[in-house]
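Chain letters run A, B, ... following the sequence lines, proteins first and then strands; every chain starts at 1. Hydrogens, waters and symmetry mates play no part in the numbers below; they use all other heavy atoms, side chains included.
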Amino acid sequence: MTLSLYNTLLRTKEAFAPIDRTHVKLYVCGPTVYDYAHIGNARTFSAFDLLARLLKHLYPKVTYARNITDVDDKIIERSNQSGEPIDSVTARTTAQFHADMDDLGLLRPDIEPRATRHIGDMIAMIEALIAKGFAYAAEGHALFNVPSMSDYGKLSRRSQDELIAGARVEVAPYKKSPADFVLWKPAKEGEPGWDSPWGKGRPGWHIECSAMTAAHLGQVFDIHGGGLDLIFPHHENEIAQSRCAHGTQVMANVWMHSGFLTIAGDKMSKSLGNFYTVRELLDEFPGEALRLAILSAHYRQPLDFTKDKVELSKKKLDRWYRLFKENSGVFNFANSAVLDKHDGKDLDPDFLNALCDDLNTPEAIKEIDRLVNEAYAENSSTTALALAMRKVKVAANLMGFLTQEPEAWFKWQPAGASGLDDAAVEQAIADRLAARKAKNFAEADRIRNDLAAQGIILEDGPKGTTWKRG
RNA sequence: GGCGCGGUGGCAGAAUGGUGAUGCAACGGACUGCAAAUCCGUGAAUCCGGGUUCGAUUCCCGGCCGUGCCUCCA
C-alpha cells in the first residue's frame with residue numbers, strides 16, 4: 001500500500017517517504033481566533049483531519065500539530081471594536097472553534113500550540129536570523145531581508161523581481177528591499193506587547209509557525225499543510241525563516257494545500273455576505289452530513305458549496321446508517337464502536353487505495369457505497385451479512401463516518417426545532433398501527449401525512465414501523 | 001502584467017492512451033393496503049480546432065469560457 005501525496009513544492013504527486021517510518025510528523029496552519037470558523041476553514045481542517053487519520057492507520061506513531069494563532073492584528077481590532085478584552089476574545093473563540101470542529105467530527109490534533117506561549121522561541125529565532133545576516137532591525141521592527149536568501153520563492157514559484165514589481169502596498173521606508181517582511185513589529189499605545197531586543201512589540205504573522213514547528217516537530221519534518229491561499233506569502237515566508245535560521249535545505253518535505261470553496265458559484269467573501277459559519281450550518285445539518293458534503297469533492301479541486309449538497313450527503317448517510325438500524329440483530333453497532341488499524345484485515349483494499357491516492361475521497365466514498373450495496377444485497381447467511389456490515393463500518397470509521405448510534409442519527413433534529421418529541425411520535429405510530437389493523441387505511445394515511453408534515457418520515461418494515469426525522 | 005486551476009450524462013463527481021465509475025434525479029418491474037425502504041432492470045456525458053498515435057476524453061499546441069492568487073484571507 002503506497003501513499004502518494006501531491007506536493008506543492010514539486011507540483012506533482014509523489015510516493016510519501018517519511019523521515020522516520022516509526023514517527024510521522026504533520027503540521028497544519030490553524031485558525032486565528034477572532035471570529036467563528038467558516039465553511040472554508042471547515043474544508044481545510046476536514047481534509048487534513050482525514051490525512052491525519054490515514055497516516056495514523058498506516059504508521060505506528062503520528063504527531064499531528066495544528067496551531068492556534070492568538071496574537072494578531074485582527075484580534076486587536078476586534079477587541080478595540082467591542083471592548084472585550086483580548087484574552088477573553090481569544091479564549092471564547094478558541095472554545096467555540098473546538099466545539100465546532102468536535103461537532104463536525106474532527107479529531108483533536110495531538111498538539112495545539114498557541115502563538116502567545118512561544119514568544120520566546122520566536123524572539124530567539126529572529127535573533128538567530130539577524131546574527132546570520134538574513135534579518136535586520138529598523139525603527140522598532142525586525143525584518144527578514146528577502147534578497148539575502150538566494151532561492152526565495154521556490155514554493156510559490158515567484159521571482160523576487162516579480163514580487164517587487166507586483167507589490168500593491170506602499171513600501172515602508174525602513175525596508176531595505178520592498179519584498180522584505182516583518183518578523184517583529186512594535187506595539188502601539190494600548191496594544192499587547194512583549195519585551196524584545198527591538199523594543200516592546202509582537203511577532204509578525206509568519207514567525208509563529210516557524211518557531212512552533214521547530215519546537216514541536218523539529219527543524220525538518222514530514223508534511224506541512226494549509227489552505228491554498230497560504231502558499232504565498234505565509235508558507236513562502238515560513239520556509240525562508242526556518243531554512244535560514246536552521247541552515248536546512250527544506251523546512252518540510254511535503255507541502256499540501258486544500259482548494260478553495262465557492263458558495264453557489266460565487267467566491268465566498270464577507271463583503272458579499274455569502275459565507276456560512278460552521279456553527280450555523282451545524283445548527284441546520286448533522287456534522288457528519290456537512291463533512292461528507294465537504295469530502296465529496298477532491299480536496300484540491302474547487303468545491304462549490306450548496307445546502308443541496310449537504311442534503312444529498314445526509315440522504316447518503318441515511319442509507320448507510322439504515323443498514324445498521326435494520327440489521328441491529330446481526331451486527332452489534334455499539335460493540336464495534338472502536339474499529340481501528342487492528343481491523344485492517346477487514347478494510348477493503350480498493351477503499352484504502354483510493355485514500356492513499358492523494359486522498360481521493362470521491363473514489364473512497366464510492367467504495368463505501370459499493371460495500372453498502374453489497375451488504376444490502378447479502379442474503380446467503382447472517383454470518384456473511386455481519387461480515388459485509390463490518391467491512392462497511394471499518395471503512396466508514398477510518399474516514400470518521402458512522403460514528404454514532406443509528407437510532408441517534410435518525411432522531412437528530414436541527415437546533416431550536418420545536419417538532420414533536422420522541423414520545424409523541426411513538427404514540428402517533430401506535431395509533432396508526434391500530435388503524436391499519438382495523439383496515440382503516442384512510443386514518444392510517446392521515447396520521448402518516450400528519451407526521452410527514454412535521455418532518456417525521458415513517459417506514460413500515462417487516463419488523464414493524466420505524467421513523468426518522470428528515 | 002506575472003503565477004496557477006478548471007471545462008465529463010439533468011445535477012454532483014472520479015478515472016482512463018483502447019468497452020467513461022459512483023451517487024442523486026428520471027423511467028420500467030418486484031415488494032407494499034398505498035407509500036417509504038430494499039431488490040432487479042433501462043436510457044443518458046468527455047468545450048472547440050489542430051498535432052503525436054493503429055487508436056486521444058486522457059499527452060502536446062492554440063482558441064473560447066469560467067475561476068483563484070500576486071504581502072488581511074483556510
*Asks:* If you check every side-chain atom of A:Asn360, which of B:rG33, B:rA14, B:rA37 has the closest atom?
*Replies:*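 Of all the options, the side chain of A:Asn360 is nearest to B:rA14.
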
*Asks:* Is it possible for you to check whether A:Lys325 lies under 6.0 Å from the centre of the six-membered ring of A:Phe410, through NZ or CZ, and within 45° of that ring's axis?
*Replies:*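 Ring-cation test returns yes.
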
*Asks:* As a test of reading the structure: which of B:rA74, B:rC70, B:rG23 is closest to the side chain of A:Asp369, going by heavy atoms?
*Replies:*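 So the side chain of A:Asp369 is nearest to B:rG23.
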
*Asks:* Have a look at A:Gly40 and say if it touches a base, only the backbone sugar-phosphate, or nothing, with a 4.0 Å heavy-atom cut-off.
*Replies:*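 The answer is base, as A:Gly40 lies within the cut-off (heavy atoms under 4.0 Å) of a base atom.
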
*Asks:* What's the closest nucleotide to the A:Thr44 side chain, out of B:rA14, B:rA36, B:rA74?
*Replies:*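 Closest nucleotide to the A:Thr44 side chain: B:rA74.
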
*Asks:* Is there a side-chain polar atom (N or O) of A:Asn373 under 4.0 Å from OP1 or OP2 of B:rU38?
*Replies:*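 Checking A:Asn373 against B:rU38: no side-chain N or O falls below 4.0 Å of OP1 or OP2.
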
*Asks:* Looking at the side chain of A:Ala297, which of B:rG13, B:rA37, B:rC70 is the nearest nucleotide?
*Replies:*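 Selected nucleotide: B:rG13.
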
*Asks:* Distance between the C1' atoms of B:rC65 and B:rG28, in whole angstroms?
*Replies:*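 One C1' to the other, the span is 39 Å.
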
*Asks:* Show the nearest heavy-atom pair for residues A:Gly227 and A:Ser258, with the distance to one decimal.
*Replies:*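 That would be CA-OG, 3.6 Å.
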
*Asks:* Which part of the nucleic acid, if any, lies within contact of A:Arg432, taking any heavy atom under 4.0 Å across all strands shown: a base, the sugar-phosphate backbone alone, or nothing?
*Replies:*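 Base, at least one base atom sits under 4.0 Å.
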
*Asks:* Output the rounded distance in Å from CG (A:Asn145) to C1' (B:rU71).
*Replies:*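 After rounding, the reported distance stands at 16 Å.
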
*Asks:* I'd like the P distance from B:rU16 over to B:rC60, given in whole Å.
*Replies:*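 The answer is 14 Å between these two P atoms.
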
*Asks:* Could you walk me through whether A:Asn67 and A:Tyr27 pass the side chain to side chain donor-acceptor pair (under 3.5 Å) test, one step at a time?
*Replies:* CA-CA 8 Å; A:Asn67 68 296; A:Tyr27 182 88; 3.2 Å; yes

*Asks:* Whether A:Arg66 engages the ring of A:Phe48 as a cation-pi pair (distance to the six-membered ring centre under 6.0 angstrom, angle to the ring normal within 45°) should be assessed.
*Replies:*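 The answer is no; the distance or angle limit is not met.
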
*Asks:* Classify A:Arg436 by what it touches in the nucleic acid, base, sugar-phosphate, or nothing, heavy-atom distance under 4.0 Å.
*Replies:*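 If one applies the 4.0 Å heavy-atom cut-off, A:Arg436 turns out to touch a base.
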
*Asks:* Give me the ring orientation class for A:His224 and A:Trp255: parallel if the planes are under 30° apart, tilted from 30 to 60°, perpendicular past 60°.
*Replies:*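 Judged by the thresholds at 30° and 60°, the geometry between A:His224 and A:Trp255 is parallel.
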
*Asks:* How long is the line joining CG of A:Leu385 and P of B:rU38, in whole Å?
*Replies:*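 Spelled out: CG on A:Leu385 to P on B:rU38 is 15 Å.
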
*Asks:* If you assign each of A:Asp229 and A:Pro362 to its closest nucleotide in RNA chain B, which residue comes earlier from the 5' end?
*Replies:*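 Nearer the 5' end of the strand: A:Pro362.
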
*Asks:* Classify A:Tyr376 by what it touches in the nucleic acid, base, sugar-phosphate, or nothing, heavy-atom distance under 4.0 Å.
*Replies:*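 A:Tyr376: backbone/sugar contact only, no base atoms under 4.0 Å.
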
*Asks:* What is the base-pairing partner of B:rU32, counting Watson-Crick and G-U wobble geometry with both distances under 3.5 Å?
*Replies:*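 The base-pairing partner of B:rU32, which may sit in any strand shown, does not exist here.
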
*Asks:* With C1' as the reference atom in both, quote the distance from B:rA36 to B:rG68 in angstrom, rounded to an integer.
*Replies:*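 These two C1' atoms come out 44 Å apart once rounded.
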
*Asks:* Whole Å only: how far is the NZ atom of A:Lys366 from the C1' atom of B:rG23?
*Replies:*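 Interatomic distance, NZ of A:Lys366 to C1' of B:rG23: 11 Å.
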
*Asks:* Ignoring hydrogens and geometry beyond distance, is the side chain of A:Asp445 in donor-acceptor contact with the base of B:rG33 at under 3.5 Å?
*Replies:*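 Flag set: donor-acceptor pair detected.
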
*Asks:* Under 4.0 Å between any heavy atoms, over every strand shown, what does A:Ile365 touch: base, sugar-phosphate, or nothing? Just pick one.
*Replies:*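 Nothing: the residue A:Ile365, judged by heavy atoms under 4.0 Å, touches no strand.
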
*Asks:* Which whole number of Å gives the distance between the P atom of B:rU67 and that of B:rA12?
*Replies:*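 To the nearest whole Å, 16 Å.
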
*Asks:* P atom, B:rC5 versus B:rC59: distance in rounded Å?
*Replies:*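 Going atom to atom, P in each nucleotide, I get 12 Å.
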
*Asks:* Could you tell me the separation between the NZ atom of A:Lys316 and the P atom of B:rA37, rounded to a whole number of Å?
*Replies:*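 Nearest whole value for this atom pair: 15 Å.
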
*Asks:* Going by purine N1 to pyrimidine N3 plus the second Watson-Crick contact, or the G-U wobble pair, all under 3.5 Å, which nucleotide sits opposite B:rU53?
*Replies:*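 For B:rU53, the partner nucleotide comes out as none, under the 3.5 Å rule.
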
*Asks:* With a 6.0 Å cut-off on the ring centroids, do A:Phe97 and A:Phe45 count as close?
*Replies:*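 Here the rings of A:Phe45 and A:Phe97 have centres that are less than 6.0 Å from each other.
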
*Asks:* Does the plane of the ring in A:His216 sit parallel, tilted or perpendicular to the ring in A:His118? Use 30° and 60° as the thresholds.
*Replies:*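 Perpendicular: the ring planes of A:His216 and A:His118 meet at over 60°.
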
*Asks:* Does A:Asn237 make a side-chain N or O approach to OP1 or OP2 of B:rU71 shorter than 4.0 Å?
*Replies:*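 For B:rU71, neither OP1 nor OP2 has a side-chain N or O of A:Asn237 closer than 4.0 Å.
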
*Asks:* Counting any heavy atom closer than 4.0 Å, what does A:Lys315 reach on the DNA or RNA strands: base, sugar-phosphate only, or nothing?
*Replies:*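 It contacts sugar-phosphate atoms only.
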
*Asks:* Find which nucleotide of RNA chain B each of A:Ser258 and A:Ile457 is nearest to by heavy atoms, and output the residue with the more 5' nucleotide.
*Replies:*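 Its nucleotide being nearer the 5' end, the pick is A:Ile457.
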
*Asks:* Do A:Asp180 side-chain atoms and A:Val146 backbone N/O form a donor-acceptor pair below 3.5 Å?
*Replies:*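 Judged by distance alone, yes, a pair lies under 3.5 Å.
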
*Asks:* Closest approach to the side chain of A:His298, judged atom by atom: which nucleotide of B:rA14, B:rU71, B:rA36 is it?
*Replies:*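 Among B:rA14, B:rU71, B:rA36, the one nearest the side chain of A:His298 is B:rA14.
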
*Asks:* May I ask you to say what A:Glu326 touches in the nucleic acid, namely base, sugar-phosphate or nothing, with a heavy-atom cut-off under 4.0 Å?
*Replies:*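 Here A:Glu326 touches the backbone only, sparing every base.
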
*Asks:* Measuring to OP1 and OP2 of B:rG23, would you say a side-chain N or O of A:Lys309 lies under 4.0 angstrom away?
*Replies:*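 No, outside the criterion.
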
*Asks:* Once you round it to whole Å, what is the distance between P of B:rG66 and CG of A:Leu303?
*Replies:*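 My rounded result for the distance is 21 Å.
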
*Asks:* Round to the nearest Å and state the distance from A:Ile368 atom CD1 to B:rA21 atom C1'.
*Replies:*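 From A:Ile368 CD1 to B:rA21 C1': 15 Å.
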
*Asks:* Would A:Asp431 and A:Gln427 count as having a side-chain donor-acceptor pair, cut-off 3.5 Å?
*Replies:*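 Per modelled atom types, A:Asp431 and A:Gln427 side chains form a pair under 3.5 Å.
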
*Asks:* With sugar-phosphate meaning primed atoms plus P, OP1 and OP2, does A:Gly259 contact a base, only sugar-phosphate, or nothing at under 4.0 Å between heavy atoms?
*Replies:*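 The residue A:Gly259 makes base contact.
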
*Asks:* Any idea which of B:rA21, B:rG68, B:rC34 is nearest the A:Glu363 side chain?
*Replies:*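 From the listed options, B:rA21 comes nearest.
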
*Asks:* Can you say whether a donor on the side chain of A:Arg448 sits under 3.5 Å from an acceptor on the base of B:rA35, or the other way round?
*Replies:*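 Checked by distance alone, the answer is yes.
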
*Asks:* Once you round it to whole Å, what is the distance between C1' of B:rU67 and CG of A:Leu228?
*Replies:*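 Those two atoms, CG and C1', are 12 Å apart.
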
*Asks:* Using atom P of each nucleotide, how far apart are B:rG55 and B:rG50 to the nearest Å?
*Replies:*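 The same atom, P, in both gives a distance of 15 Å.
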
*Asks:* Go ahead and name the base partner of B:rA44; Watson-Crick or wobble counts if both distances stay under 3.5 Å, otherwise write none.
*Replies:*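 Paired with no nucleotide.
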
*Asks:* Taking pairing as Watson-Crick or G-U wobble with both contacts under 3.5 Å, can you name the mate of B:rA15, or confirm there isn't one?
*Replies:*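 For B:rA15, the partner nucleotide comes out as none, under the 3.5 Å rule.
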
*Asks:* Respond yes when some side-chain nitrogen or oxygen of A:Arg157 is under 4.0 Å from OP1 or OP2 of B:rC69, and no when none is.
*Replies:*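 Checking B:rC69 against A:Arg157, no side-chain N or O comes under 4.0 Å of OP1 or OP2.
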
*Asks:* Just call it for A:Gln301: base, sugar-phosphate, or nothing, with non-hydrogen atoms closer than 4.0 Å on any strand.
*Replies:*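 It contacts sugar-phosphate atoms only.
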
*Asks:* Look at the aromatic rings of A:His38 and A:Phe275 and report parallel, tilted or perpendicular, splitting at 30° and 60°.
*Replies:*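 Answer is perpendicular, since the angle exceeds 60°.
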
*Asks:* Taking atom P in both B:rU42 and B:rG23, compute the distance separating them and give it to the nearest angstrom.
*Replies:*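 Their P atoms lie roughly 14 Å apart.
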
*Asks:* What is the distance from CD1 of A:Ile231 to P of B:rC69, rounded to the nearest Å?
*Replies:*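 Taking CD1 of A:Ile231 and P of B:rC69, I get 12 Å after rounding.
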
*Asks:* Across the strands shown, which category fits A:Leu261 at heavy-atom distances under 4.0 angstrom: base, sugar-phosphate, nothing?
*Replies:*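 Counting heavy atoms under 4.0 Å across all strands, the contact made by A:Leu261 includes a base.
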
*Asks:* Return the nucleotide paired to B:rG1: Watson-Crick means purine N1 to pyrimidine N3 with N6-O4 or O6-N4, wobble means G-U with N1-O2 and O6-N3, both under 3.5 Å.
*Replies:*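 With both distances under 3.5 Å, B:rG1 matches B:rC70.
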
*Asks:* May I ask you to say what A:His257 touches in the nucleic acid, namely base, sugar-phosphate or nothing, with a heavy-atom cut-off under 4.0 Å?
*Replies:*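 Counting heavy atoms under 4.0 Å across all strands, no contact is made by A:His257.
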
*Asks:* Nearest to the side chain of A:Arg322, which nucleotide is it out of B:rC24, B:rU38, B:rG2?
*Replies:*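 Ranking B:rC24, B:rU38, B:rG2 by closest atom to the A:Arg322 side chain puts B:rU38 first.
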
*Asks:* Suppose you measure atom C1' in B:rA35 against the same atom in B:rA30; what distance do you get, rounded to whole Å?
*Replies:*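 To the nearest whole Å, 15 Å.
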
